[in-house]
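Notes follow the structure.
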Amino acid sequence: MACLHDHSCEDHDCSTDWSLYKHIDLSKVSALNEARPGSVKSVFKAWEERLNSSGEHLESNEGDPELLVFIPFTSDVKIKSISIVGGADGTSPTKMRAFINRDGIDFSDAQSMQAIQEWDLAENMQGVLEYQTRYSKFQSVGNITLHFPDNFGADTSKIHYIGLKGEATQLKRDVVATIVYEVMPNPSDHKTRAESGGGFSHVE
């Protein structure tokens, strides 16, 4: 399902407060079949900058429109929606498939595995469409892989912007583990009845 931006963004989830851009581990973002290595990083930007391409974009190799984009996060996130701004003249992707918490997916894996969700895409050069996720399935997302198998008929696929909206968890997994460990009772911190000489134990 796509959401059309025909409303005031201050009153809806399309405000920058919901953007997950700042939680993307940009140094580890990667793409398969990109014509220019590293160009995938240029499609991640603040929501209000989504139409400012400045000539930078992700493009597939000539004659092969398929793209696979791996997006890791700095902490677990919940993803509410995804926005894709594609290229003109048939270069926009026609379909998007998502896999979560799967490292190292290649094209063979993507083609044979069942995606957690798939969307049929419209040409969205103005960045007014968002594709809603099945929110209950997009909880505790450490990374997401987006598969774009085809486009609207051009020799290459182009993507100018990928936007993800949702919420980041307040704590990283390693921090949560530390807190859980620390609330466990430590026997050395407690005196037994025999040690204290009374009917009550106490914590020093």
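In what follows, residues are counted from 1 in the order of the sequence shown.
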Common cluster, [X]/[Y], ILVMFWY with side-chain heavy-atom separation under 4.5 Å:
X	Y	answer
I24	L68	no
W18	Y135	no
Y21	I79	yes
V141	V29	yes
F73	F70	no

Q: Apply side chain to side chain contact (heavy atoms under 4.5 Å, CB included) to I116 and F138, showing your working.
A: CA-CA 9 Å; I116 194 168; F138 286 77; 3.6 Å; yes

For [X] and [Y], does a side-chain donor sit closer than 3.5 Å to a side-chain acceptor?
X	Y	result
Q139	E167	no
E130	S83	no
E66	H147	yes

Q: Check whether more than 12 heavy atoms from other residues, nucleotides or ligands sit under 6.0 Å from atom NZ of K28, and answer yes or no.
A: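 No, the 6.0 Å shell around NZ holds no more than 12 heavy atoms from other groups.
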
(Q) Are there over 12 heavy-atom neighbours, none belonging to D64, within less than 6.0 Å of that residue's CG? (A)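 Atom CG in D64 is crowded, with more than 12 foreign heavy atoms closer than 6.0 Å.
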
Taking side chain as C-beta onward, heavy atoms only, is [X] less than 4.5 Å from [Y]?
X	Y	value
L26	F44	yes
I144	F99	no
I84	N124	no
K165	L20	no
L146	I71	yes
W119	T133	yes
M96	I82	yes

(Q) Could you walk me through whether T91 and F152 satisfy the side chain to side chain contact (heavy atoms under 4.5 Å, CB included) test, starting with their C-alpha distance in whole Å, then the side-chain angles of each, then the deciding distance to 0.1 Å, before giving a yes or no? (A) CA-CA 6 Å; T91 61; F152 285 92; over 6 Å; no

Q | Non-neighbouring partners of S108 that pass side-chain hydrogen bond (donor to acceptor under 3.5 Å, both in side chains), sequence neighbours left out | A |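 Counting only residues at least two positions away or on another chain, S108 forms no side-chain hydrogen bond (donor to acceptor under 3.5 Å, both in side chains).
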
Q) Who are the side-chain hydrogen bond (donor to acceptor under 3.5 Å, both in side chains) partners of T156, not counting sequence neighbours? A)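 T156 satisfies side-chain hydrogen bond (donor to acceptor under 3.5 Å, both in side chains) with E59 only.
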
Q) If you measure from the Lys or Arg side-chain nitrogens to the Asp or Glu carboxylate oxygens, is any gap between E56 and K45 under 4.0 Å? A)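 So E56 does not pair with K45 through a salt bridge.
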
(Q) Walk me through whether T145 and N143 qualify under side chain to side chain donor-acceptor pair (under 3.5 Å). (A) CA-CA 7 Å; T145 300; N143 63 69; 4.7 Å; no

Q: Take L67 and I159 through the test side chain to side chain contact (heavy atoms under 4.5 Å, CB included) and record every step on the way to the result.
A: CA-CA 10 Å; L67 286 166; I159 296 175; 4.1 Å; yes

